[in-house]
Amino acid sequence: MLRVRFAPSPTGYLHIGSARTFLFNWLYVRHNHGTLILRLDDTDVERNTQQSVDSIFDGLNWLGLGWDEYYQQSQRLEIHRQMTQAIFAKGLAYRDFTAASSGDEENNREGGAWLFNPSARDMPRTESDRRAAAGEPFVIRFRVPREPVQDIRFDDAVYGPQSKSTADMEDFALMRSNGMPTYHMASCADDVDLKISHIIRGQDHTSNTFKHVLIFEALGAERPTFAHLPLLIAPDGSKLSKRKHGPAVSVTTYRDAGFLPHAYLNFICLLGWSPKDDREQMTRQELTDAFSFDGINRANATVNFTEEDPFDPKAVWLNAELIRQMPLDELSTELLPFARAAGFAAEPDKMRQVTPLIQERIRLLRDVATVADFFFIERLPPFDKSELIPQKGDAAMALAALLRASEILSTTEFNHQALDTALRAGAQDMKIKPGQMFQPIRVAVCGRKNAPPLFETLEVLGRGTCLNRIGEAIRMLS
RNA sequence: GGCGCUAUCGUCUAACGGUUAGGACAGAGCCCUCUCAAGGCUUAAAUACGGGUUCGAUUCCCGUUAGCGCUACCA
């Protein structure tokens, strides 16, 4: 039975790297028809926050992938304690009464890493028991095998055979002096108890895996298959962090900007994985069908963002592509909340009329605020009247064009074909180019030069609004 | 410092030892066109460096360099 888990720790918002780890777990388990477990690794009482738990669920729910089973580590402490006790009872772990180091000894490491405190590791069991019984605080450390030194090995499904000498491994802690299990212990205990068959996680855990292998063995449990993923890094090569890179690393930033969940998924899936056949835009089903560990790259992937623009251009492109392919009704529904958030009194009917005009002009859903504003607001924001003057024309030409347009628009039927015919005929009468006729009208009606096609725009705006705005522009020029 | 991992266009990536080193995004140019988009076409752009092995290395081996990770009673 194939069982995988995604185990975020609630110490911050849902990170883009975590989202990708979740996605890869999801794809693997759906491809192979297994069970996906969501486990909140919340044993660090000091740093966990409810806000963070909420934000993780926010992000995961937005992605819309779902999971099959849910656990919280903090409610499974008894299991962790029992398993730690079992290791201790076998003599594979020992108590260390040394006070926690303050971390100041960073500098005196020239000779190599700290491995263990001999006085603790070699302390007779009777003395250890006596001091524990006296209430003296201690941590429980794993007794890493040293005589003889051995190589710990595992076969990574992505990186291949890995090995590390126990001479380079410190006696890591399993249980803190406050009685809480460490990450290593809790994680492995739960993986054993939940019968996890594949651990798919970030490559930052590769070095930890040697410790985990030792724990699995000490527990007499079969070790799962490990698959480590390359990390996601910032353009400057450093690892993505909230403090340094801001909202660019948070999943909800993408959601709030108007990314479609699938565009985001498609994007992060391509970071460190490839179907190897040049496909990029893929549906969820196609991704599921194509996913395997073989397609995972071993080098870290850079998420390409800047201080001005927190979004990778490829993610934006993928989103724009998806927007263009969406059925209009669906897109219109998605757009509505973004229009309202921009302060527009947008009605569904109006939104539905506007949608086809902006579909291929927006890249993010929030672009509705800047691209379609003039459809929804009562009064256009002020603009420079020189905008009204067409190419190779002057203010007189603009004025004449607007006066003529005003006449035409008051009599012509308000649909884009009729408007097209009538306005072109008007331009011909005036002996000016169609473009010279259209620009003043467009600016008068939209408040700027760059806008959707003119006749459709006029149609959606309606005769009254068009005439009012053109009248306003005529006053500006007079 | 120690240990581990990694290295192809600016970015994401393809190339089971033999290719004019391919694709995509971003960039540049042209076309289309009522503006903006969208679309079409074209273009520039990479195997980190040095040694091997081989008839032949992007590909295998070694070294250098660089980056990242771990080196906590964080996860």
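Chain identifiers are assigned alphabetically (A, B, ...) following the order of the sequence lines, protein sequences preceding nucleic acid strands; residue numbering begins at 1 within each chain. Everything quoted here is computed from the prediction, not taken from an experiment.
Proximity note for A:Y183 (side chain, C-beta onward) versus B:rA75, B:rC5, B:rA7: the nearest is B:rA75. Comparing atom distances between the A:N297 side chain and each of B:rU11, B:rA14, B:rU6 picks out B:rA14 as nearest. Out of B:rC12, B:rA75, B:rC68, the shortest distance to the side chain of A:T182 is found at B:rA75. Comparing B:rC34, B:rG69, B:rA37 against the side chain of A:R442 picks out B:rC34 as the nearest. Set against B:rG69, B:rU35, B:rU11, the side chain of A:T302 has B:rU11 as its closest nucleotide. For A:H205, taking side-chain heavy atoms from C-beta onward, the closest of the listed nucleotides B:rG69, B:rA75, B:rU35 is B:rA75. Side-chain atoms of A:N450 lie closest to B:rC36 of the nucleotides B:rC73, B:rA75, B:rC36.
For the pair A:D168 CG and B:rC5 P, the interatomic distance rounds to 12 Å; values are reported in whole Å. To the nearest angstrom, C1' of B:rG69 lies 12 Å from NZ of A:K211. We find that NZ of A:K276 is positioned 10 Å from C1' of B:rA15, with the value rounded to whole Å. Rounded to an integer number of Å, the gap from A:F138 CZ to B:rC73 P is 15 Å. Rounding to whole angstrom units, CG of residue A:D309 and P of B:rU11 are separated by 17 Å. When the C1' atom of B:rA7 is taken as reference, atom OH of A:Y159 falls 12 Å away, rounded to whole Å. Atom CG in A:L229 sits about 16 Å away from atom P in B:rG69, given to the nearest Å. Going from atom CG of A:D236 over to atom P of B:rA66 covers 17 Å, rounded to whole Å.
Side-chain N or O atoms of A:R201 include none that pairs as donor or acceptor with a backbone N or O of A:T21 at under 3.5 Å. Side-chain atoms of A:S292 come within 3.5 Å of backbone N or O of A:D294 as a donor-acceptor pair.
For B:rC41, the paired base is B:rG29 (Watson-Crick or G-U wobble, both distances below 3.5 Å). In a base pair of the Watson-Crick type (N1 to N3 plus N6-O4 or O6-N4) or a G-U wobble (N1-O2 and O6-N3), with each distance short of 3.5 Å, B:rA48 is matched with B:rU64.
Looking at heavy-atom distances under 4.0 Å, A:R298 makes contact with sugar-phosphate atoms alone, never a base.
When the side-chain nitrogen and oxygen atoms of A:S163 are compared with OP1 and OP2 of B:rG4, none of them lie within a distance under 4.0 Å. Applying the 4.0 Å criterion to OP1 and OP2 of B:rA75, one finds that A:R176 has a side-chain N or O inside that range. In this structure, A:K164 does not reach the B:rG4 phosphate: none of its side-chain N or O atoms is under 4.0 Å from OP1 or OP2. Considering only side-chain N and O atoms, A:N208 lies nowhere under 4.0 angstrom from the phosphate OP1 or OP2 of B:rC74. The phosphate of B:rC5 has neither OP1 nor OP2 within less than 4.0 Å of any side-chain N or O from A:S207. Here A:R448 does not reach the OP1 or OP2 of B:rC36: none of its side-chain N or O atoms lies under 4.0 Å away. Listed pair A:R424 / B:rC34 meets the phosphate criterion, a side-chain N or O lying under 4.0 Å from OP1 or OP2.
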Please list, for nucleotides 16-25 of chain B, all pairs of protein and nucleotide N/O atoms separated by less than 3.5 Å.
from, atom 1, to, atom 2, distance (Å)
B:rG22, N2, A:D278, OD1, 3.1
B:rG23, N2, A:E280, OE2, 3.3
B:rA24, O4', A:E280, OE1, 3.3
B:rA24, O2', A:E280, OE1, 2.2
B:rA24, N3, A:K314, NZ, 2.7
B:rC25, O2', A:K314, N, 3.4

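A donor atom on one side chain and an acceptor atom on the other are found under 3.5 Å apart for A:H80 and A:D190. In this structure, a donor-acceptor pair under 3.5 Å is absent between the side chains of A:S163 and A:D151. Remark: the A:T209 side chain and the A:R223 side chain contain no N/O donor-acceptor pair separated by less than 3.5 Å.
Residues of residues 318-327 of chain A that place a heavy atom closer than 4.0 Å to RNA chain B, in numerical order, are A:E321, A:R324.
The ring of A:Y70 has its center closer than 6.0 angstrom to the ring center of A:F57.
When the P atom is used for both B:rU8 and B:rA14, the distance is 10 Å, rounded to whole Å. Spacing between B:rC3 and B:rC62 at atom P, rounded to whole Å, works out to 16 Å. Separation of the C1' atoms belonging to B:rA46 and B:rU19 is 15 Å when rounded to the nearest angstrom.
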Determine, stepwise, if the pair A:F455 / A:T457 fulfils side chain to side chain contact (heavy atoms under 4.5 Å, CB included). CA-CA 5 Å; A:F455 313 116; A:T457 301; over 6 Å; no

Set out, in order, the CA-CA distance, both residues' side-chain angles and the distance that settles ring pair (Phe, Tyr, Trp, His ring centres under 6.0 Å) for A:F311 and A:F259, then state yes or no. CA-CA 10 Å; A:F311 305 120; A:F259 273 84; 5.0 Å; yes

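Using cut-offs of 30° and 60° on the angle between ring planes, the pair A:Y254 and A:Y264 is tilted. Between A:F24 and A:F291, the angle of the ring planes lies from 30° to 60°, which puts this pair in the tilted group.
Residue whose closest nucleotide on RNA chain B sits further toward the 5' end, between A:Q439 and A:N304: A:N304.
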